[in-house]
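Have a look at the structure below before the remarks.
Starting from 1, each residue takes its place in the sequence as its number. Remember, it's 1-based here, ligands and their atoms both numbered in the order they're listed.
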Amino acid sequence: MSTITVIPGDGIGPEVVDSALRVLTALDLGLSIDVLDHVDANGYTPGSGALDDADLARISASSALLLGAIGRPDLDETDYTRSVLLRIRQEFDLYANHRPVRLWHDRLSPLRNAARRTIDCVIVRENTEGLYSGIGGSLRGFSPNEIAIDTDVNTWHGVSRIVDYAYTVARREVCLVDKANAVRNGGRLWQECRRRAAERNPRTISSHLYIDAAAMKLVTDPGCFDVILANNSYGDILSDLAAALAGGIGLAPSANLNPETTFGLFEPVHGSAPDIAGKGLANPFACLLTTALLVRHLGFTAAATAIETAVAESIAAERVTPDLGGRLSTQEVTRAVLAAL
Ligand code: NAD
Ligand code: IPM
Ligand code: MN
């Protein structure tokens, strides 16, 4: 029997995870669920984090981890977030952040031009390097002479493996997005790894855009993208932009994967949304579509499709939370999805 570890986390995390667990229970896949409900902001100690070795051992013993959201703005955000989310990505070397973006219903697009609304792409985000490496420091803190440095780490190993992953999941095209015209060293490394991968994959179209132009193109012609390949920071930013074009952050799923070990951390793209937490306003679809990615990853293809179809039906019937223009609460939407299942 496969075990899934679950970290509900902070803010709306527990609300959307509750929805996911109800759906998983209804699907009756024979999965064992191990909930780490002490891993949250209340369990965080500055300097030592919110996740200990025993938690990591429980996660290691499982086939996949489902996480709601981590973050509480009154804390030292960097230390807390690094101690949970970024630590798990590093400990399990989850280098491929796979973020599919799909417009589930035309009315959800914010774009005025009906002919240019379709979006159906995957953001492949490098997930262990770049500006997230944690290498850096500062001198003469909080003075006019302060110097603050965060190092943008790009290794041949790290870049070549995420480039290869992008070509593995591409249906027709990989578009590398970077800022190589200004940020030279990392840019050159990415472009060379991409050039070699393009040679190995002649049937896939290989294209390139600078990040500023890519952001524009995403808004003016989102349908032109298949796989958008980006470093850690650019991938993070484009994820929220693309999610907004597909109806909003409340719909965006993601998988943090290590394709070699096959372990994965599955989490919605959104955060803990403190502004709406505890009010029943959280859209559970991002977490449910994330759960679909998780069960598909474990081999339950029909169950994954069933979740996606039930979400699509709920959207079509306008059984949705206020962020999608509806009036239903998180729990009412969950009941609609369960009924559709
Ligand atoms: P956020 O994604 O939490 O919220 C941005 C906006 O989107 C808010 O207005 C929020 O109400 C709305 N929103 C988000 N998810 C929604 C949902 N499911 N349904 C309806 N509306 C939704 O981003 P933020 O405000 O920048 O960050 C809040 C906290 O979350 C911070 O502590 C941040 O560090 C953390 N964060 C965590 C993760 C994660 O755990 N994976 C991701 C992003 C941000
Ligand atoms: C995400 C989040 C995280 C990230 C934050 C919370 C560190 O925004 O998963 O997209 O930037 O990776
Ligand atoms: Mn993000």
Legend entry - Ala286 heavy atom under 4.0 Å from ligand 1: no
Inset, instruction - Run the contact test for Val16 against ligand 1 with a 4.0 Å cut-off on heavy atoms, strictly below, and give the result. - result: no
Legend entry - Donor-acceptor side-chain pairing of Tyr80 and Asp10 below 3.5 angstrom: yes
Legend entry - Glu126 and Thr128 side chains, donor-acceptor separation under 3.5 Å: yes
Which atoms of ligand 1 are found less than 4.0 Å from any heavy atom of [X]?
X      : value
Gly250 : 17 (C), 18 (N)
Pro274 : 28 (C)
Arg72  : 32 (O)
Ile12  : 15 (N), 16 (C), 17 (C), 18 (N)

For [atom], what is the closest protein heavy atom, and at what distance to 0.1 Å?
atom                    : answer
atom 6 (C) of ligand 2  : Thr81 CG2, 3.7 Å
atom 3 (C) of ligand 2  : Leu85 CD2, 4.0 Å
atom 40 (O) of ligand 1 : Ile70 N, 2.8 Å
atom 9 (O) of ligand 1  : Asp275 OD2, 2.9 Å
atom 2 (C) of ligand 2  : Asp236 OD1, 4.0 Å
atom 17 (C) of ligand 1 : Asn283 N, 3.6 Å
atom 1 (C) of ligand 2  : Arg99 NH2, 3.4 Å
atom 41 (N) of ligand 1 : Glu267 OE1, 2.7 Å

Inset, instruction - Would you mind reporting whether Asn231 and Asp178 have side-chain heavy atoms less than 4.5 Å apart? - result: no
Inset, instruction - Look only at interatomic distance and state if Ser272 has a nitrogen or oxygen under 3.5 Å from any nitrogen or oxygen of ligand 1. - result: yes
Legend entry - Test item, Arg82 contacting ligand 2 (heavy atom, 4.0 angstrom): no
Inset, instruction - Check Asp236 and report its N/O/S atom nearest to the Mn ion (ligand 3), by atom name. - result: OD1
Inset, instruction - Heavy-atom distances under 4.0 Å are what count here, so tell me which part of Val269 touches ligand 1: side chain, backbone, both or neither. - result: backbone
Legend entry - ligand 2 versus Arg89: contacting region, heavy-atom distance under 4.0 Å: side chain
Legend entry - Identity of the nearest option to atom 2 (O) of ligand 1, non-hydrogen atoms only, from Pro268, Gly271, Ser239: Gly271
Inset, instruction - Could you list the atoms of ligand 2 found under 4.0 angstrom from a heavy atom of Tyr132? - result: 4 (C), 11 (O), 12 (O)
